[in-house]
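To start, the structure under review is shown below, and the notes come after it.
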Amino acid sequence: MEKKRLTRSFYTKPTLKVAKELLGKYIVRKINNKNLEGKIIETEAYIGPQDKASHAYGGKITSRNRAEYLVGGHIYIYLVYGMYWQLNITTAEGGKPECVLIRALDLDKLANGPGKVCRYLKLNKSFYGEDLTESKRIWLEDRGEKIKPSQIIATKRIGIDYAGPYWANKKWRFVLKS
DNA sequence: GTACAGATTGAG
DNA sequence: TCAATCTGTACT
């Protein structure tokens, strides 16, 4: 099977397009010469600064969210609830706070939630700002799997009711039907 | 300096 | 249904 690392041009496309195209791609995490891999089956788009659910709403830059402004293809990782890491991949051009949250991998309960994805892949703050097109320990691969539009389910995003009904009802969460 | 909510999860 | 657990942000 052909394996191809995704390059910068994949990530710099519009965020919603990248979020959908990430479905079916494989994330590869190399630990001590062993590869942990999983197919991405659920993503969620965050498009700041107009997106109230985004940490960059209003164009804010803090030490927590600054990675969100990096050019597409970088990791934006942060801690929520004091215990769970959220793995995001930045999209669009540099200076634009847009990213895609990786919510689940096809790993049967091992990674069926954003916190679990990071636990399984052993990700932590040392990956903050990691470049997925250059890194030797984590990257994304295209393995030639073709995803049909009919396999993609668009739903409302999760856990952001505080952003108000307009943003909370945006169907920016994408799930790959198996 | 202090208060408090949050892109979650797992146990009860 | 709720506790675990801690960072960023908005107060004083």
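Here is the naming used below: chain letters follow the sequence lines, and residue numbers restart at 1 for every chain.
A salt bridge is defined here as a Lys NZ or Arg NE, NH1 or NH2 lying under 4.0 Å from an Asp or Glu carboxylate O, and Lys96(A) with Glu68(A) fails to meet this definition.
Residue contacts shown for Ser63(A) are limited to sugar-phosphate atoms, with no base heavy atom under 4.0 Å away. Using a 4.0 Å heavy-atom distance criterion, Asn65(A) is classed as making no nucleic acid contact. No engagement by Arg173(A) is indicated, since no non-hydrogen atom pair under 4.0 Å with the nucleic acid exists. Among the heavy atoms of the strands lying under 4.0 Å from Ile158(A) are primed sugar atoms or P, OP1, OP2 only; no base atom is included.
Within the 3.5 Å criterion, the main-chain N or O of Lys122(A) finds a donor-acceptor partner in the side chain of Arg29(A).
Under 4.0 angstrom from either OP1 or OP2 of dG10(B) there lies at least one side-chain N or O belonging to Lys116(A). An OP1 or OP2 oxygen of dG6(B) is reached within less than 4.0 angstrom by no side-chain nitrogen or oxygen of Arg64(A).
Atom CE in Met83(A) sits about 9 Å away from atom C1' in dT8(B), given to the nearest Å. Whole-Å rounding puts the Lys52(A) NZ to dG6(B) C1' distance at 15 Å. Taking atom OH on Tyr128(A) and atom C1' on dG8(C), their separation rounds to 12 Å, with Å as the unit. Rounded to whole Å, the distance from CD1 on Ile102(A) to C1' on dT8(B) is 17 Å. If you measure from atom CG of Leu87(A) to atom P of dT9(B), you get 13 Å, rounded to the nearest angstrom. Rounded to an integer number of Å, the gap from Tyr81(A) OH to dC4(B) P is 18 Å. With rounding to whole Å, Tyr57(A) atom OH is found 18 Å from dA5(B) atom C1'. Look at CD on Glu42(A): it is 13 Å from C1' on dT8(B), rounded to the nearest Å.
Here the nucleotide nearest the side chain of Leu79(A), chosen from dG10(B), dA4(C), dC6(C), is dC6(C). In this structure, the nucleotide among dG10(B), dT8(B), dT9(C) sitting nearest to the side chain of Arg103(A) is dT8(B).
Across all strands shown, the partner of dT9(C) is dA3(B), judged by Watson-Crick or G-U wobble contacts whose two distances both fall under 3.5 Å.
Side-chain contact between Asp51(A) and Trp167(A): present, with at least one pair of heavy atoms (C-beta onward) separated by less than 4.5 Å.
Within the model, atoms CG of Leu121(A) and CG of Leu36(A) stand 6.5 Å from one another, a figure rounded to the nearest 0.5 Å.
The aromatic ring of Tyr84(A) does not stack onto the base of dT8(B), failing the criterion of a centre distance under 5.5 Å from the six-membered base ring together with planes under 30° apart.
With hydrogens and angles left out, the side-chain atoms of His55(A) and Tyr46(A) include no donor and acceptor closer than 3.5 Å.
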